[in-house]
Amino acid sequence: MLERLQALARRYVRARSWLLVLAVLSFSAGAWILAMSSNQAEDIALIPTMLLFAWAIMLHSFLSLFAHVPPRVQPDMTFGRRLTARLKRSAYYMFTILTAMVSLLLLVTTLQMAGAWRTMY
């Protein structure tokens, strides 16, 4: 499974810098909206910019984390190298579970925020 995630991250590695730019721009737009809006009608784009920032940071983190996955344990490795490789891969499996959970929570939050945005405007 880690190899599939690594292949996916390597396929889209060029998008990493664009996602960072998108995150900075959406954060800046959100800060601008908060600073300059005087009533609710002027902050119509605040929820979409917040969601865009959250998704851009999440995707950038995914691409950065899974671009370099530790190799599988080989039988010809020494005990110390096998132990190190297993510990590193175990940490990556935990990161995989955490990434999936955060993505699911972000999806639920996106749906809830989109519903709130739709009813507000």
Side-chain angles (χ1 to χ4, degrees):
M1 174 171 28
L2 291 179
E3 285 75 19
R4 287 183 189 169
L5 292 175
Q6 182 179 18
L8 185 66
R10 285 187 176 174
R11 185 181 317 151
Y12 296 110
V13 73
R14 283 180 255 148
R16 212 169 65 185
S17 59
W18 289 105
L19 288 169
L20 190 59
V21 168
L22 184 63
V24 169
L25 288 176
S26 61
F27 183 79
S28 301
W32 176 264
I33 290 168
L34 281 177
M36 295 301 164
S37 68
S38 59
N39 58 18
Q40 185 180 359
E42 293 178 2
D43 61 357
I44 190 169
L46 183 62
I47 291 176
T49 57
M50 287 175 20
L51 292 174
L52 187 63
F53 171 75
W55 278 107
I57 288 295
M58 183 65 200
L59 290 171
H60 182 271
S61 300
F62 172 82
L63 293 177
S64 297
L65 180 64
F66 291 105
H68 304 288
V69 174
R72 288 181 179 253
V73 176
Q74 301 297 326
D76 60 340
M77 292 178 162
T78 63
F79 174 75
R81 294 189 79 187
R82 279 195 319 244
L83 181 64
T84 304
R86 283 190 180 136
L87 288 175
K88 285 181 181 179
R89 286 184 68 87
S90 297
Y92 269 84
Y93 277 116
M94 288 176 36
F95 286 139
T96 302
I97 293 168
L98 286 174
T99 301
M101 287 175 27
V102 170
S103 297
L104 184 63
L105 291 173
L106 188 56
L107 181 64
V108 169
T109 302
T110 299
L111 293 174
Q112 288 179 345
M113 297 280 281
W117 183 70
R118 189 175 52 244
T119 58
M120 286 172 55
Y121 301 103

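Small disclaimer: the values here were computed from a predicted structure and weren't measured.
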When rounded to the nearest 0.5 angstrom, what is the spacing between [atom1] in [X] and [atom2] in [Y]?
| X | Y | atom1 | atom2 | result |
| --- | --- | --- | --- | --- |
| L2 | R4 | CG | CZ | 11.0 Å |
| M58 | L19 | CE | CG | 12.0 Å |
| L5 | Y93 | CG | OH | 9.0 Å |
| I57 | S26 | CD1 | OG | 7.5 Å |
| T96 | R89 | OG1 | CZ | 9.5 Å |
| M94 | I97 | CE | CD1 | 8.0 Å |

Identify the two heavy atoms, one from [X] and one from [Y], that lie closest to each other, and give their separation to 0.1 Å.
| X | Y | result |
| --- | --- | --- |
| T84 | G80 | OG1-O, 2.8 Å |
| H68 | R10 | ND1-NH2, 4.1 Å |
| P71 | A85 | O-CB, 4.3 Å |

ask   = More than 12 non-hydrogen atoms from neighbouring residues, nucleotides or ligands closer than 6.0 Å to OH on Y12, yes or no?
value = no
request  = Mark yes when over 12 heavy atoms from residues, nucleotides or ligands other than W55 sit less than 6.0 Å from its CH2; otherwise mark no.
outcome  = yes
Cluster link [X] to [Y], ILVMFWY, side chain under 4.5 Å:
| X | Y | result |
| --- | --- | --- |
| V13 | W18 | no |
| L22 | L51 | no |
| F66 | L59 | yes |
| M120 | M113 | yes |
| L8 | L63 | yes |

ask   = In terms of ring plane angle, is the pair Y92 and F95 parallel, tilted or perpendicular, where the classes change at 30° and 60°?
value = perpendicular
Donor-acceptor contact below 3.5 Å, side chain T49 vs main chain L46 = yes
query = Would you say W117's side chain and I44's backbone share a donor-acceptor pair under 3.5 angstrom?
reply = yes
Within-4.5 Å side-chain heavy-atom neighbours: E3 and R72 = yes
